[in-house]
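Taking it in order: structure first as structure tokens, then the write-up.
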Amino acid sequence: MKRNWSNTVLVAYSLIPKIIKELNFGVKTRVNSTFQSRHLKYGIGNEQLIGEILELTDEKRKLVYLRYIINFALSDVDEKNRMLLKARIVDKKTYQTIADENGISLRTVFRRIGAAENSYALALRRAGYSESWFEKQYGSDRYIAPIRERILNDKYFVAKNL
């Protein structure tokens, strides 16, 4: 697997709904604490509570936008490549499983997934989402940055490790 941003966000793709669910829960609990002013009992002021709600909402907005970007780029990739990328990275299937399911050799799967990754990265660049853009927008994101670090630092990284 290439260690670039296009693959980082593709690995994150399957995690985004779970993260958004957690963010929604965080917003909901904070909003619920405003009823009967429970947050004040714990020493949390209104300004701080509203700030936390806005911060969580902004994090959710960034992740929803990232999911949109990924879907947009995947829609620009041909069906075979999209299927391979989703099978390998999103569904976390092994190369052997993909080969068996499609009746092709293992070497062909390696070659086709490499081509699919290149096609997907090109679709992102055509849409204006370069490596530097991702670094600027998501390089310090508390959810995406750990995925990026793991991909960069793990010598034998495969999507199944997550």
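What's counted below: heavy atoms across the whole structure, side chains too, no hydrogens, waters or symmetry copies.
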Can you find a heavy atom in the side chain of R112 that is under 4.5 Å from one in the side chain of I104?
yes

Under a 3.5 Å cutoff, is there a donor and acceptor pairing between the side chains of Y120 and N7?
no

Pairs meeting criterion salt bridge (Lys or Arg N to Asp or Glu O under 4.0 Å) with involvement of residues 45-54, two or more places apart
R30-E52

Check whether Y95 forms a cation-pi arrangement with R88 (NZ or CZ under 6.0 Å from the six-membered ring centre, at most 45° off the ring normal).
yes

Donor-acceptor check, side chain of S119 to backbone of A115, threshold 3.5 angstrom: yes or no?
no

Validation row: I147, L15 side chains within 4.5 angstrom (heavy atoms):
yes

When the ring planes of F134 and W5 are compared, do they come out parallel, tilted or perpendicular, using 30° and 60° as the limits?
parallel

Atom of A127, atom of F72 and distance for their closest heavy-atom approach:
CB-CE2, 3.7 Å

Quick one: pull up NZ in K60 and CD1 in I16 and give me the separation to the nearest 0.5 Å.
13.0 Å

What one should report as the nearest heavy-atom pair of V9 and I70 is O-CD1, 3.1 Å

Salt bridge or not for D91 and K86, using N-O below 4.0 Å?
no

Sorted by chain and number, sequence neighbours left out, salt bridge (charged side-chain N to carboxylate O under 4.0 Å, His left out) with E79 holds for R82

Do any N or O atoms from the side chain of Y138 and from the backbone of K62 form a donor-acceptor pair under 3.5 angstrom?
yes

Are any side-chain N or O atoms of N102 and backbone N or O atoms of I98, one a donor and one an acceptor, separated by less than 3.5 Å?
yes

T29 side-chain N/O to F25 backbone N/O, donor-acceptor pair under 3.5 Å:
yes

Heavy atoms, side chains only, cut-off 4.5 Å: are L63 and Y68 in contact?
no

Transitive ILVMFWY side-chain link L23 to I50, under 4.5 Å
no

Test your reading of the model: is there a side-chain donor-acceptor pair from T8 to the backbone of N4, 3.5 Å cut-off?
yes

Flag the pair L122 / V77 as yes when at least one side-chain heavy-atom distance between them is below 4.5 Å, and no otherwise.
no

What distance do T57 atom OG1 and E59 atom CD have between them, rounded to the nearest 0.5 Å?
9.0 Å

